[in-house]
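Read the numbers this way: they start at 1 and go in the same order the structure lists the ligands and their atoms. Just so you know, these numbers come straight off a predicted model, no measurement behind them. All residue numbers refer to positions in the sequence shown, counting from 1.
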Amino acid sequence: MALNSLSLVQALLFLSLATSAFSTRPYKEGLTPYFYDYVCPQALPAIKRVVEAAVQQERRMGASLLRLHFHDCFVNGCDASILLDPTPTIDSEKLAVPNNNSARGFEVIDQIKAEVDKACGYSLVSCADILAVAARDSVVALGGPSWEVQLGRRDSTTASRTTANSDIPAPNMDLPALINTFQKQGLDTRDLVALSGAHTIGFAQCFTFRNRTYNDDNIATSFARSLRSLCPRTGEDGNLAGLDPSPAQFDALYFHNLLAQKGLLHSDQALYSGGSTDELVKTYSDDAEAFWDDFAKSMIKMGNIKPLIGNQGQIRSNCRRLN
Ligand code: HEM
Ligand SMILES: *[C@@H]1O[C@H](CO)[C@@H](O)[C@H](O)[C@H]1NC(C)=O
Ligand SMILES: *[C@@H]1O[C@H](CO)[C@@H](O)[C@H](O)[C@H]1NC(C)=O
């Protein structure tokens with residue numbers, strides 16, 4: 001009897017501990033990696049399948065999907081606001097300067113949403129979570145680090161072109177301005193350097209690096225010369241250059257390149273131009289592990305920017321418009 005009541009007390013104690021672990025731990029940060037584990041274990045594998053197929057078809061798509069998550073999170077939090085198409089009441093972020101004719105991958109997100117809804121049987125997974133998971137799966141598909149994605153974000157019912165224009169960093173920025181735009185999101189200088197390492201994959205259009213090519217003095221002569229032939233003073237605005245020498249591989253060459261004054265964007269080279277971030281760039285340039293570890297940590301931090309949770313926002317059934 002005494003034994004029984006003791007074990008009953010233990011059982012109750014265990015239960016209450018377990019319940020509180022399940023109910024409080026996830027909400028400490030608002031998000032949890034296990035959000036869909038019981039309700040739809042097929043969700044994450046479905047996202048991964050579509051990302052892998054898209055990256056296999058075009059390696060650059062991995063870069064484009066990673067950038068979508070970044071441009072989403074920097075504008076009123078990671079809430080899929082970037083995915084909303086223009087309507088009379090939606091001030092679409094797709095038309096903001098950093099996104100217009102530049103952000104890409106929207107069709108892949110549509111395809112993921114369709115597949116994941118089919119796998120779960122209904123519209124369960126938010127577009128904001130899809131962006132976060134697709135970013136991780138893209139990095140992995142291009143040979144980079146993996147991390148546990150925090151989940152449970154909900155989708156916005158608004159968008160802001162104005163905020164996209166003011167809060168997404170621009171390629172002509174110097175280090176203090178870059179530090180500011182990250183600080184505004186609760187991200188520090190280490191996050192800035194680590195996350196800029198995303199430019200180890202993907203491409204930039206001529207109009208984003210033209211001024212650097214012709215007017216900067218912290219650029220290697222041979223590198224500037226070859227860029228000028230790709231990107232004349234006028235025209236050819238859409239010509240593409242790799243953001244680093246291996247734009248389909250998630251390696252540490254981006255940082256190695258900065259040491260040689262071969263950063264493509266003015267904002268890239270600003271991280272290694274005599275300022276406070278020089279040492280960290282040097283560290284990452286010959287320690288890919290350190291870069292990978294910090295990149296994963298900073299991606300989780302970026303993914304935690306102002307998520308909508310609980311009953312805020314909605315789970316869009318079409319990522320491009322409100323329910
Ligand atoms: C630090 C400030 C940053 C600036 C000023 C910046 C700016 C740019 C610009 C101008 C482009 C080229 C766009 C085009 O030509 O259409 C680009 C591409 C890209 N950015 Fe950034 N970026 C920054 C940080 C980041 C961060 C934090 C990430 C992700 C974590 C990121 C991921 C990418 C990727 C993957 C591409 C290539 C996209 C593609 O090939 O489609 N960038 N960025
Ligand atoms: C976006 O790009 C299109 C196509 O180049 C252009 O016609 C339009 O004016 C741009 N929109 C904005 C708001 O800049
Ligand atoms: C172009 O580059 C020069 C030299 O770095 C700089 O002074 C100028 O402000 C830049 N112009 C723009 C529009 O970014």
| request: Nearest 0.5 Å please: distance from the CG atom of Leu322 over to the CD1 atom of Ile90. | output: 4.5 Å
| query | Taking NZ, NE, NH1 and NH2 as the nitrogens, is one of them in Asp79 or Arg154 under 4.0 Å from a carboxylate oxygen of the other? | reply | no
Extract all N/O-N/O pairs under 3.5 Å that connect ligand 2 to the protein, and present each with both atom names and the distance rounded to 0.1 Å.
from	atom 1	to	atom 2	distance (Å)
ligand 2	2 (O)	Asn100	OD1	3.2
ligand 2	2 (O)	Asn100	ND2	2.4
ligand 2	2 (O)	Asn101	ND2	2.9
ligand 2	5 (O)	Asn101	ND2	3.0
ligand 2	11 (N)	Asn100	ND2	2.8
ligand 2	14 (O)	Asn100	ND2	3.3

| Between Asn172 and ligand 3, which part of the residue brings a heavy atom under 4.0 Å of the ligand: side chain, backbone, both or neither? | side chain
| task | Examine distances only and state if a side-chain atom of Glu148 and a backbone atom of Pro33 form a donor-acceptor pair shorter than 3.5 Å. | result | no
| field | Selection residues 224-249 - residue pairs positive for salt bridge (Lys or Arg N to Asp or Glu O under 4.0 Å), sequence neighbours left out | value | Arg210-Asp237
| request: Working to the nearest 0.5 Å, report the span between SG of Cys78 and CG of Leu131. | output: 9.0 Å
| task | Can you establish whether the number of heavy atoms outside His71 located under 6.0 Å from its atom NE2 is more than 12? | result | yes
| query | So is Asn211 polar-close to ligand 3, meaning N/O to N/O under 3.5 Å? | reply | yes
| query | Residues two or more places apart in sequence or in another chain: which of them pass ring-ring contact (aromatic ring centres under 6.0 Å, His included) with Tyr36? | reply | none
Ligand 1: which protein N/O atoms lie under 3.5 Å from its N/O atoms?
from	atom 1	to	atom 2	distance (Å)
ligand 1	15 (O)	Gln205	N	2.6
ligand 1	16 (O)	Ser102	OG	2.6
ligand 1	16 (O)	Gln205	NE2	2.8
ligand 1	20 (N)	His199	NE2	2.9
ligand 1	22 (N)	His199	NE2	2.9
ligand 1	40 (O)	Arg60	NE	2.8
ligand 1	40 (O)	Phe203	N	2.9
ligand 1	41 (O)	Arg60	NE	3.2
ligand 1	41 (O)	Arg60	NH2	3.3
ligand 1	41 (O)	Ser64	OG	2.7
ligand 1	42 (N)	His199	NE2	2.9
ligand 1	43 (N)	His199	NE2	3.0

| note | From the list Asn99, Asn100, Asp85, side chain to side chain donor-acceptor pair (under 3.5 Å) with Lys94 holds only for Asp85
| Mutual orientation of the aromatic rings belonging to Phe250 and Phe291 [parallel < 30°, tilted 30-60°, perpendicular > 60°] | parallel
| note | One finds that the ligand 3 atoms under 4.0 Å from a non-hydrogen atom of Asp216 are 2 (O), 4 (C), 5 (O)
| If you measure from the Lys or Arg side-chain nitrogens to the Asp or Glu carboxylate oxygens, is any gap between Asp294 and Arg190 under 4.0 Å? | yes
| said: I'd like to know whether CG of Asn311 has more than 12 heavy-atom contacts from other residues, nucleotides or ligands below 6.0 angstrom. | reply: no
